[in-house]
Amino acid sequence: MNTILNISAYKFVNLPDAAALRETLLQRALELALKGTILLAEEGINLFLAGPADDVRGFIAQLHQDARFADIAPKESWSEKQPFKKMLVKVKGEIIRMNYPTIRPAEGRAPAVAPATVKRWLDQGHDDEGRPVVTLDTRNDFEVDAGTFEGAIDWRITKFTEFPQAVLDHKAELQGKTVVSFCTGGIRCEKAAILMHEMGLDHVFQLEGGILKYFEETDGAHYQGSCFVFDERRAVDTALHANPEAVNG
């Protein structure tokens, strides 16, 4: 029986008090006996938590009391067992490292497209203006190997800091197309979409909520395989059920 609620969420928002916030959030999580990882940086928050539903949702309710996090809407899935071994709260230079300091999502997001719209575009083979649509996987190669969208562009990057150079190398291939950048939960594809706009690509969108939100809000059509996750489940299928066999090794 699936009794453990797993959530993931992030928000790019200015957090000059990240170090002090670390202590507060760690104490709250430990009091609720939650496990997982929370990353904090001056650019925002990225969290993965698991535990009994009431405790997880209680933590988020407390987080919502801070106006900076009031609109955080976690993606949810369920598991039989606790997929994390401990509770960690870390302060980093970036909540997702790109090494491209001019990209500051807290100052303005790239356009986002809802999962249902992406599914419709892929069903019909073009966007609503008749422009060809391509999906661009912004994840690392081993994550892509567990599953991705049919025909997705995969530059075989081994870490996200390689993404800016990959855009420069392949920019011409994306011109004139509608590009939907995607990742596990939205954080990487948000930075990726902003970067591509800055590099002169006009029709770039981020998949709102990433693959996990796509699974949650659609039937998973056009996606092949599972979605790699960074916990002991290893991967989840389109029904958001654990599928560890999808990952080799």
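All residue numbers in this chain count up from 1 along the given sequence. Side-chain atoms are counted along with the backbone in the values below, which use heavy atoms only and exclude waters and symmetry mates.
Taking CD of Glu190 as the reference point, atom CD of Glu208 lies at 7.5 Å (rounded to 0.5 Å).
Asp128 and Trp121 form a side-chain donor-acceptor contact under 3.5 Å, judged by distance and modelled atom types alone. Side-chain contact check for Ser226 and Asp237: no donor-acceptor pair (N or O, by modelled atom type) lies under 3.5 Å. With hydrogens and angles left out, the side-chain atoms of Glu31 and Gln27 include a donor and acceptor closer than 3.5 Å. Looking only at atom types and distance, the side chain of Thr158 has no donor-acceptor partner in the side chain of Asp141 under 3.5 Å away. At a cut-off of 3.5 Å, with distance as the only test, no side-chain donor of Asn2 or Ser79 sits close to an acceptor on the other residue.
In the displayed structure, Arg156 atom CZ is contacted under 6.0 Å by more than 12 heavy atoms of other residues, nucleotides or ligands.
Every residue two or more places apart in sequence or in another chain that forms a side chain to side chain contact (heavy atoms under 4.5 Å, CB included) with Arg22 is listed here: Leu26, Leu40, Val89, Val91. Residues meeting the side chain to side chain contact (heavy atoms under 4.5 Å, CB included) test with His222, sequence neighbours left out: Lys119, Leu122, Asp123, Phe149, Glu150, Tyr214. For Phe160, the ring pair (Phe, Tyr, Trp, His ring centres under 6.0 Å) criterion is met by Phe163, not counting sequence neighbours. Checked against salt bridge (charged side-chain N to carboxylate O under 4.0 Å, His left out), Glu162 has the following partners two or more places apart in sequence or in another chain: Lys159.
Among pairs with a residue in residues 6-44, those fulfilling ring pair (Phe, Tyr, Trp, His ring centres under 6.0 Å) read Tyr10-Phe12, at least two apart in sequence or across chains.
Nearest heavy atoms, Leu207 versus Pro115: CD1-CA, 3.9 Å. Of all the heavy atoms in Gly209 and Lys75, the pair that sits closest is O-CD, 3.1 Å.
Two rings, from Phe142 and Phe228, have their centers less than 6.0 Å apart. Aromatic pair Phe215/Tyr223: centroids less than 6.0 angstrom apart.
Leu30 and Leu88 are assigned to two separate hydrophobic clusters, defined by single-linkage of ILVMFWY side chains at heavy-atom distances under 4.5 Å. Under the 4.5 Å side-chain heavy-atom criterion for grouping Ile, Leu, Val, Met, Phe, Trp and Tyr, Ile187 is not connected to Val13 through any hydrophobic cluster. Neither Met196 nor Val113 shares a network with the other; the hydrophobic side chains, linked directly or stepwise wherever heavy atoms of I, L, V, M, F, W or Y lie under 4.5 Å apart, form separate groups for each. When the side chains of ILVMFWY residues are joined at heavy-atom separations under 4.5 Å, either directly or via intervening members, Leu39 and Phe230 end up in two distinct hydrophobic clusters.
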Would you mind writing out the side-chain donor-acceptor pairs for residues 49-64 within the sub-3.5 Å range, not counting sequence neighbours?
{"residue": "Arg57", "atom": "NE", "partner": "Glu76", "partner atom": "OE2", "Å": "3.3"}
{"residue": "Arg57", "atom": "NH2", "partner": "Glu76", "partner atom": "OE1", "Å": "2.9"}
{"residue": "Arg57", "atom": "NH2", "partner": "Glu76", "partner atom": "OE2", "Å": "3.3"}
{"residue": "His64", "atom": "NE2", "partner": "Ile72", "partner atom": "O", "Å": "2.7"}

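Using a 4.5 Å heavy-atom cutoff, the side chains of Glu94 and Glu42 are not in contact.
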